[in-house]
2 protein chains.
Amino acid sequence: MNILEKIANELETFSKSERKVAEVILSSPGTVIHASIAALAKQANISEPTVNRFCRRLDTKGYPDFKLHLAQSLANGTPYVNRHVDENDSADEYTSKIFESTMANLELARKSLDTSTINRSVDLLTQANKISFFGLGASAVVAHDAQNKFFRFNVPVVYFDDILMQRMSAINSRQGDVVVVISHTGRTKALVDVASLARENDATVIGITTAGTPLAKECNFVLSVDVAEDTDLYMPMASRIAQLTLIDCLATGFTLRRGTKFRDNLKKVKDSLRSSRFERKD
Amino acid sequence: MNILEKIANELETFSKSERKVAEVILSSPGTVIHASIAALAKQANISEPTVNRFCRRLDTKGYPDFKLHLAQSLANGTPYVNRHVDENDSADEYTSKIFESTMANLELARKSLDTSTINRSVDLLTQANKISFFGLGASAVVAHDAQNKFFRFNVPVVYFDDILMQRMSAINSRQGDVVVVISHTGRTKALVDVASLARENDATVIGITTAGTPLAKECNFVLSVDVAEDTDLYMPMASRIAQLTLIDCLATGFTLRRGTKFRDNLKKVKDSLRSSRFERKD
DNA sequence: GTAAAATATGAAATTAATTTTCATATTTTC
DNA sequence: GAAAATATGAAAATTAATTTCATATTTTAC
């Protein structure tokens, strides 16, 4: 594992002084790799041996070895950790933190995804008579996006963010229909009902939700996407980005399954939009 | 440039002894990063000062600094890159590629973002009498998401994905209103018109679009988000993810600007959703 | 071809950095 | 509240890296 993530993860297990070092390192890892143990100790207001012990605790041979690991973490393309936005952050700071957290969470989500379920879901979607995407709140946005993508495939696709429409649609579903229900928490009662109704009417229900939730239990298939909780500002952030990226995977799988001719058709859809645009000069 | 490549390139310009060091390093760089200057000198059959001079010649501060660069070169094997999906990719492969491309593009987007414009936009949004988000197609999804977020702030916010509603709304806008127009291409005629109408009616127009496009020219402020073109499957993918993350930044900036009390209020909004949910057992 | 100049190299000395040891302070447990 | 466990830092010891300077090698000029 990336040593930066490791530091972020184990932050609570550190002692008071070690945490001081950890915070200095997390706040500017790029500076630390060029600092001596004395400089780092001074910056963290602790002694040099403490820095050394900190390094060893992280399973490195000592300070120079630690710097090597740190340098590798930074080069890895993933110095991304879920850093929390702070009261007094400048636009620069919170922007960086948000982008980095999003990337860190995408990495997490990727690791947690079960690609065989993705594959199975793509199977079902390509064979569906009708595809419905249901979500509420932030997940309605994901459903909206999914409709936008699948609409291009020239398959019957609907999306509702209205709970009554969703219920009516679920009740009218039948064998061969695929209903995709999206909810990060998986605990929205109304949506769990919709999933249940759809299943009673023999539709295949795919949940994009967290594993083990009430919604997950109502679904035939569950695409679970793990992200760190979005607690910062009481708004769903990383979760919906991960869900959207999953939608991209489903849509991509769909087009690949349908073969080359089908993709020519996609190009036509895109070209048809051209007349609504200003020409590019380059 | 990668220091390993640099060594390989400059091999001819080195002196006899330096070349010996270079060859040892090139043949097993992974060992070298854990070796002392003495060990490396011995392995190359030359003296320690020669190793040191070799390091300096490569524009590093000395041997330890050189090792740092070397470690980074080695780690560099897996940066997130925009890998394209291939005809015969398995679910596992295209999932990885899509997630990695998305992360690579977020990194790109972050670098291209001008945080002072974000800051200015947050200013305008916090002072707006009314906020409107307009987009079409994939950008409608982004506008939808923005509404969802800003709605929680208890400010007058609207979102339209219907071009006629957008026009009407733009015509009815006035000084003090902020209109956010979202379009990756920045070339959708209808939206450029909307931006123009809003501006004629004294609204402040913020564009989330690519710099230099017709839409960008109609806006008072442009938040430009660079991503690699989504050419794979003729669908917007990375661009909308980057735009959504930008929305997160704006929303975060908004809440920070509004202060602590305001965030308590956000928590209440979130708590109010609780009764619509199944309780968590843990 | 050879002497002078320039360059390259390494041994030893110096300097700098890291690690260990050990005494003291702080926290936890009973 | 005392004893044990743990954490911390000052100073010493060790280790590693760098500089200095003498010597060797190569290049240049005639």
Side-chain angles (χ1 to χ4, degrees), chain A residues 3 6-26 28-74, chain B residues 3-4 6-74:
Chain A
I3 202 155
K6 195 170 174 180
I7 296 172
N9 278 342
E10 299 184 10
L11 209 57
E12 307 79 42
T13 74
F14 294 146
S15 72
K16 216 190 312 175
S17 304
E18 284 172 337
R19 201 163 313 164
K20 285 191 207 165
V21 199
E23 271 156 18
V24 172
I25 294 167
L26 288 177
S28 58
T31 317
V32 172
I33 59 171
H34 294 114
S36 68
I37 194 168
L40 177 55
K42 197 176 175 192
Q43 226 201 318
N45 269 312
I46 45 87
S47 72
E48 298 172 27
T50 301
V51 175
N52 195 272
R53 281 187 283 260
F54 173 84
C55 297
R56 290 228 240 270
R57 182 188 259 268
L58 289 155
D59 301 318
T60 64
K61 283 184 65 186
Y63 184 67
D65 188 45
F66 170 78
K67 287 209 293 184
L68 239 46
H69 282 265
L70 194 59
Q72 288 183 311
S73 296
L74 288 179
Chain B
I3 202 155
L4 267 175
K6 195 171 175 180
I7 296 172
N9 278 343
E10 299 184 11
L11 209 57
E12 308 78 43
T13 74
F14 294 145
S15 73
K16 217 189 313 176
S17 303
E18 283 173 338
R19 202 163 313 165
K20 286 190 206 165
V21 200
E23 273 155 17
V24 171
I25 294 167
L26 289 176
S27 72
S28 58
T31 317
V32 172
I33 58 170
H34 295 113
S36 68
I37 193 167
L40 177 55
K42 197 175 174 191
Q43 226 201 317
N45 270 310
I46 45 88
S47 73
E48 299 173 27
T50 302
V51 176
N52 196 271
R53 282 186 283 259
F54 173 84
C55 297
R56 291 227 239 269
R57 182 188 260 266
L58 288 155
D59 301 317
T60 64
K61 284 184 68 187
Y63 184 68
D65 189 44
F66 170 79
K67 287 211 292 185
L68 239 45
H69 282 264
L70 195 59
Q72 287 182 311
S73 298
L74 289 179

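Order of the sequence lines sets the chain letters (A, B, ...), proteins ahead of strands, with each chain counted from 1.
- For A/Y63 and C/dT18, the OH to C1' distance is 10 Å, given to the nearest whole Å.
- Put simply, CD1 on A/I37 is 13 Å from C1' on D/dT15, counting in whole angstrom units.
- Every residue was checked against the side chain to side chain contact (heavy atoms under 4.5 Å, CB included) condition with A/P64, not counting sequence neighbours, and none meets it.
- One interatomic measurement links the two molecules: CG of A/D65 to C1' of D/dT15, which rounds to 15 Å at whole-angstrom precision.
- Under the 30°/60° scheme for interplanar angles, the aromatic rings of B/F66 and B/F54 are found to stand perpendicular.
- When the salt bridge (Lys or Arg N to Asp or Glu O under 4.0 Å) test is applied to A/E18, the partners found at least two apart in sequence or on another chain are A/R57.
- With sequence neighbours excluded, no residue forms a salt bridge (Lys or Arg N to Asp or Glu O under 4.0 Å) with A/D65.
- Among residues at least two apart or in separate chains, side-chain hydrogen bond (donor to acceptor under 3.5 Å, both in side chains) pairs with a member in residues 35-47 of chain A are A/S47-A/T50.
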Could you go through nucleotides 5-11 of chain C and list every protein N or O atom that sits under 3.5 Å from one of its N or O atoms, giving the distance for each pair?
residue, atom, partner, partner atom, Å
C/dT9, OP1, B/S15, OG, 3.4
C/dT9, OP1, B/S17, N, 2.9
C/dT9, OP1, B/S17, OG, 2.5
C/dT9, OP2, B/S15, OG, 2.6
C/dT9, O5', B/S17, OG, 3.3
C/dG10, OP2, B/S47, N, 3.0
C/dG10, OP2, B/S47, OG, 3.1
C/dG10, OP2, B/T50, OG1, 2.9
C/dG10, N7, B/R53, NH2, 3.1

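- A/A35 meets the side chain to side chain contact (heavy atoms under 4.5 Å, CB included) test with A/A39, A/Y63; sequence neighbours excluded.
- Atom-to-atom, CG of A/L40 to C1' of C/dA17 comes out at 13 Å; the value is rounded to the nearest Å.
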